Number of protein chains: 2
Amino acid sequence: MAAAVARDGKHAGGRPTREEAARREERLLDVATAMFLDNGYDGTSMDAIAAASGTGKPSLYARYGDKRALFLAVLRHSVDLWARPLSELGQCPQHALRLADLEPLLERVGRHILECSITPESVALKRVLTSQAGQFPELAATLQDAGWGAIVRHVAALLRLAVDFERSDVADAELAADLFLSLVLGRLSHEALLGIEIDRSAIGGRITAAVKIFLGLGFVAR
Amino acid sequence: MAAAVARDGKHAGGRPTREEAARREERLLDVATAMFLDNGYDGTSMDAIAAASGTGKPSLYARYGDKRALFLAVLRHSVDLWARPLSELGQCPQHALRLADLEPLLERVGRHILECSITPESVALKRVLTSQAGQFPELAATLQDAGWGAIVRHVAALLRLAVDFERSDVADAELAADLFLSLVLGRLSHEALLGIEIDRSAIGGRITAAVKIFLGLGFVAR
DNA sequence: CCTACCGATCGGTAGG
DNA sequence: CCTACCGATCGGTAGG
């Protein structure tokens, strides 16, 4: 048998290729992410991560130092992944908006944000973040700003296109955006966090009502 | 030395008095509650609970069976304690309300609920509930109903006194109450859950804006 | 990079 | 009711 002959481009031993190393790194992070999000910090052992990622514990510790550091890397990576689709919100019309155009736009934006917020991945991320917030206090504020904060800023920019906040009673676009998001997410995000199955048929009506109330178009009949 | 002479009404040994037993039971539950809420389920060992409550582990296991059962008892007790002050909401006017009276009433109710929701005890309870929701799925729905659900029903009853929902665009008092609560809690409850210090000076303005938007009185200047 | 181990800690129980 | 222990599992490391 010839020693260390590559098959499918893989080395049979020795130092891995640079791209092979990068691939393993990514795979390790993916595996660790899935396990942490599914079973929490305490429920995921370094032994299990090593076994599932096809490496040994010493490699884990050589790369990340300790369990906390690996967990932090997983959280940062996950928040990045989660925040990315929100950039679609930035591709909204840049010109001024009439109120009549704002209503359907807010419905679309609201539905989009709600759908993004109740995916199993998003819920698992927020849950594990919540449960470990006490142990990683420096990160909670950062991630809250990258999550909720980023959405608020996007929506506030939208609102400024349609509303003259200097003449509004609220006078603060970010507060208004915050209230809009609160209306849209509300109970559904709480329930998702508790693992309660969400009644998807209620989403449409909730969004519609939320937008109407927000724009002062209901709920009291006129 | 005379054996087993009571001092301060306590027995020096043997079977405890009935009231003494009840007192120990309550003390044990209080101690376990504080530890579970401060350090989470995995972060609290039965050894630590036994030591802090001044008893031995065998007594713990004789009374509760295992750690899960003790944890469940703690959660139920805590949710009961938390839901009690909400009954004050039931002592609202029973007669019909004019819209003009509804605004200050909603401000008071909203502030009260928000204040109750961001106390350290309430936050800790929700956090530990969230982090263990996956392990205790049967309980999550029950406790959600006893918490958020109870508040929604209270507020819905209030709204029905002032609004004719059959002629409203929303047409559902519970959805309206749900949206009102969402507005009031919103970002602040999320931040509290993540352990982020809350800017208390922002509470007043948020409540006012929430009520105005909810009642269709803002935010667009008229 | 793997195996095998370290000390510590856990939930739960036997024995008296 | 207390002490002392059980097997299991953990995070992390030595040794080669």
Side-chain angles (χ1 to χ4, degrees), chain A residues 3-4 6 10-29 31-32 35-36 38-75 128 131-132 135-136, chain B residues 3-4 6 10-29 31-32 35-36 38-75 128 131-132 135-136:
Chain A
K10 279 195 221 162
H11 291 233
R15 183 174 196 150
T17 321
R18 208 164 315 189
E19 55 264 35
E20 175 67 16
R23 216 178 312 153
R24 285 196 192 185
E25 164 90 29
E26 191 180 358
R27 174 174 156 70
L28 195 161
L29 212 55
V31 167
M35 298 184 75
F36 275 130
D38 283 349
N39 304 110
Y41 183 77
D42 291 307
T44 305
S45 71
M46 294 295 268
D47 283 281
I49 294 174
S53 63
T55 180
K57 281 208 290 177
S59 304
L60 283 189
Y61 282 96
R63 177 66 186 85
Y64 289 100
D66 61 7
K67 189 182 182 183
R68 277 179 63 99
L70 173 57
F71 183 65
L72 288 177
V74 162
L75 286 189
V128 74
S131 65
Q132 295 301 316
Q135 315 300 323
F136 302 88
Chain B
K10 279 196 217 157
H11 292 234
R15 185 174 197 152
T17 323
R18 209 165 315 186
E19 54 264 37
E20 174 67 17
R23 217 177 312 152
R24 286 198 191 184
E25 164 90 28
E26 191 181 354
R27 172 173 158 73
L28 196 161
L29 211 55
V31 167
M35 299 184 75
F36 275 132
D38 282 349
N39 305 110
Y41 183 78
D42 292 306
T44 305
S45 71
M46 294 295 269
D47 284 280
I49 295 174
S53 64
T55 178
K57 281 206 292 176
S59 304
L60 282 189
Y61 282 97
R63 177 66 186 83
Y64 290 100
D66 62 6
K67 189 182 181 182
R68 276 180 64 99
L70 173 56
F71 183 64
L72 287 176
V74 162
L75 286 188
V128 73
S131 66
Q132 296 300 318
Q135 315 299 322
F136 302 87

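Computed from a predicted model, the values in this text were never measured in an experiment. Order of the sequence lines sets the chain letters (A, B, ...), proteins ahead of strands, with each chain counted from 1.
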Ring pair (Phe, Tyr, Trp, His ring centres under 6.0 Å) partners of A:Y61, counting only residues at least two apart
none
Are any protein N/O atoms closer than 3.5 Å to N/O atoms in nucleotides 3-7 of chain C? If there are, list each pair with its distance.
none

I'd like to check the side chain to side chain contact (heavy atoms under 4.5 Å, CB included) partners of B:S53; sequence neighbours left out, ordered by chain and number.
B:L28, B:V31, B:T55
With sequence neighbours excluded, tell me which residues meet side chain to side chain contact (heavy atoms under 4.5 Å, CB included) with B:E25.
B:R63, B:Y64
Could you check which of D:dC2, C:dG11, D:dG11 has an atom nearest any side-chain atom of B:S45?
C:dG11
Who pairs with B:D42 by side chain to side chain contact (heavy atoms under 4.5 Å, CB included), at least two apart in sequence or on another chain?
A:D42, B:Q132
Numerically ordered, the residues 66-73 of chain B set in heavy-atom contact under 4.0 Å with DNA chain C is B:D66, B:K67
My understanding is that only residues two or more places apart in sequence, or in another chain, count here; which of them pass side chain to side chain donor-acceptor pair (under 3.5 Å) with B:Q135?
none
B:R27: partners by side chain to side chain donor-acceptor pair (under 3.5 Å), with sequence neighbours left out:
none
Set of side chain to side chain contact (heavy atoms under 4.5 Å, CB included) partners for A:D47, sequence neighbours left out:
A:S45, A:K57
Protein-nucleotide distance (A:D42, atom CG; C:dG11, atom P), rounded to Å
11 Å
Counting Watson-Crick and G-U wobble pairs with both distances under 3.5 Å, what is the dot-bracket string for DNA chain D, 5' to 3', using [ ] for crossing pairs and | for pairs to another strand?
||||||||||||||||
